[in-house]
Visitor: 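After the structure tokens below, expect a handful of questions from me.
Here the structure is a predicted model, which is why all the values come from computation and not from measurement.
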Amino acid sequence: MRLALLFMGSAGFAVPALEALARGPHRLLAVYTQPPRPAGRGMAERRTPVHEAALSLGLPVRTSSSLRDPAVEEELRALAPDLAVVAAYGLLLPETVLAVPRLGCLNLHASLLPRWRGAAPIQRAILAGDGETGVCLMRMEKGLDTGPVYACRRTPIGPRETAGSLHDRLAAMAAELLLAELPAIAAGTAVPRPQPAEGVTYAAKIGPEDQRLDFTRSAVELDRRIRALSPAPGAWCTARGERLLVLEAEPVEAPPGAPGEVVALPLTVACGEGALALRRVQRAGRRALDAEALQRGFPLPLGSRLG
């Protein structure tokens, strides 16, 4: 059955799903995404990754900062979609919008629901030290990621996994899952299962308080934080009064020292438990360097303190 679809997404996670739908048999009526916003040093307006992808595919794009505008709701009804597919949109869908598509609204979510409902499931899974995650396709309802689930796919989280590498793998998995489940949903034979009441956790949005490295914590925990925030927004500490972005690090064995003290060269730092070798770092306004190169232009000798 050929469906008339709406696609709603903003972040890069949603792009593979949009591209997969565009290659398939269904008709994409419109792509809804968040409006361009100032970004970068020059604060020039930047389109979302979904916006850019939709333009390259020749699809009509609609931007709005809210779906509660009566004019937007009227526009959606006029399109008369069979189904809406939502992925990493960043806007809440009011109940009036959820009721517009004949077959409802689907959401692709980057976790194994009900674990990590919310805005930052990929980062929170790595921060928590989870050994496994995945993607779920659910039918949307009023609550935050509470809807019944059609299907999930699982994948291990590697010991050196970053949010960037995991994001890309999950985005591809989400597109495959969507294509696999759409025929049964279109035919009305797919039956979603309610999420269990046990195991609910919430993936709060990453904020500035998540980015600073506290060396009184264990090296294992700090390593997870660095990987969870890589490549963006990044984890940081201070050194010689400057902010130092830590792009890569690894727990290692090293001589003892006070938390934050450089205890081995080129740049191994004592933690509350264990030690962390900072492998790749970046000073504000400079290019990223490995630790040895940093030491040549910005020496941090034994006994230096990072905070």
Visitor: Taking side chain as C-beta onward, heavy atoms only, is Ile185 less than 4.5 Å from Leu137?
Guide: yes

Visitor: So, Asp82 side chain and Ala4 main chain: donor-acceptor pair closer than 3.5 Å or not?
Guide: yes

Visitor: State whether the side chain of Arg37 and the backbone N or O of Thr48 hold a donor-acceptor pair below 3.5 Å, judged by distance alone.
Guide: no

Visitor: Is the backbone N or O of Phe13 less than 3.5 Å from a side-chain atom of His167, with the two atoms forming a donor-acceptor pair by type?
Guide: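 Such a contact is found between His167 side chain and Phe13 backbone.
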
Visitor: Please find the pair of heavy atoms, one from Met138 and one from Gln195, that lie closest to each other, and give the distance.
Guide: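 It is SD-NE2, 4.0 Å.
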
Visitor: Please check if Tyr89 and Leu76 belong to a single hydrophobic cluster, counting links between Ile, Leu, Val, Met, Phe, Trp and Tyr side chain heavy atoms closer than 4.5 Å.
Guide: yes

Visitor: Does Gln34 reach the main-chain N or O of Ser10 with its side chain, forming a donor-acceptor pair under 3.5 Å?
Guide: no

Visitor: Determine whether a donor-acceptor pair (N or O, by modelled atom type, separation under 3.5 Å) exists between the side chain of Ser111 and the backbone of Trp116.
Guide: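 Flag set: sc Ser111 to bb Trp116 pair under 3.5 Å.
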
Visitor: Can Leu92 and Leu67 be said to form a side chain to side chain contact (heavy atoms under 4.5 Å, CB included), step by step?
Guide: CA-CA 8 Å; Leu92 291 175; Leu67 296 179; over 6 Å; no

Visitor: If you compare all heavy atoms of Leu178 against all heavy atoms of Leu106, which two are closest, and at what distance to 0.1 Å?
Guide: CD1-CD1, 4.3 Å

Visitor: Is there a side-chain contact between Val97 and Glu73, using heavy atoms and a 4.5 Å cut-off?
Guide: yes

Visitor: Is the shortest side-chain heavy-atom distance between Thr146 and Val200 below 4.5 Å?
Guide: no

Visitor: Is Val263 reachable from Phe215 through a run of hydrophobic residues whose side-chain heavy atoms are each under 4.5 Å from the next?
Guide: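 In one cluster: no.
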
Visitor: To the nearest 0.5 Å, how far apart are CD1 in Ile126 and CZ in Arg225?
Guide: 12.0 Å

Visitor: Do the non-hydrogen side-chain atoms of Leu306 and Leu278 ever get within less than 4.5 Å of each other?
Guide: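 Yes, at least one pair of side-chain atoms sits under 4.5 Å.
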
Visitor: Quick one: does any side-chain atom of Arg47 pair with a main-chain N or O of Glu52 as donor and acceptor, under 3.5 Å?
Guide: no

Visitor: Please indicate whether Arg102 has more than 12 foreign heavy atoms, meaning atoms of other residues, nucleotides or ligands, lying under 6.0 Å from its CZ.
Guide: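 Buried by this count: over 12 neighbours within 6.0 Å.
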
Visitor: Does any part of the side chain of Val100, heavy atoms only, come nearer than 4.5 Å to the side chain of Leu79, both counted from C-beta?
Guide: no

Visitor: Checking the side chain of Gln123 only, and the main-chain atoms of Ala228 only, is there a donor and an acceptor separated by less than 3.5 Å?
Guide: no

Visitor: Check this for me: does any side-chain nitrogen of one of Asp223 and Arg160 sit under 4.0 Å from a carboxylate oxygen of the other?
Guide: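 Looking at Asp223 and Arg160, the cut-off is met.
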
Visitor: Could you tell me whether a side-chain N or O of Ser218 sits under 3.5 Å from a main-chain N or O of Glu273, the two making a donor and an acceptor?
Guide: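 Here the side-chain-to-backbone pair does not exist.
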
Visitor: Measure across Leu91 and Ser65 and return the closest heavy-atom pair with its distance rounded to 0.1 Å.
Guide: CD2-O, 3.4 Å

Visitor: Judged by atom type as modelled, is there a donor-acceptor pair below 3.5 Å linking the side chain of Arg280 to the main-chain atoms of Glu248?
Guide: no

Visitor: Pick from Arg227, Arg169, Arg224: which one makes a side chain to side chain donor-acceptor pair (under 3.5 Å) with Glu161?
Guide: Arg169

Visitor: Can any side-chain N or O of His26 pair as donor or acceptor with the backbone N or O of Leu3 at less than 3.5 Å?
Guide: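 It does hold such a pair.
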
Visitor: Side-chain contact, heavy-atom cut-off 4.5 Å: Leu276 with Ile226?
Guide: yes

Visitor: Taking atom CZ as the centre, does Arg139 end up with more than 12 heavy-atom neighbours from other residues, nucleotides or ligands that are less than 6.0 angstrom away?
Guide: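 12 or below, so no.
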
Visitor: Between CZ of Phe7 and CG of Leu29, what distance do you get to the nearest 0.5 Å?
Guide: 13.5 Å

Visitor: Is there a side-chain contact between Val31 and Val50 (heavy atoms, below 4.5 Å)?
Guide: yes

Visitor: Taking Asp210 first and then Arg124, would you say they form a salt bridge - that is, a charged N and a carboxylate O separated by under 4.0 Å?
Guide: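 Yes, Asp210 and Arg124 are salt-bridged.
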
Visitor: Could you tell me whether the side chain of Leu83 reaches within less than 4.5 Å of the side chain of Leu182, counting heavy atoms only?
Guide: yes

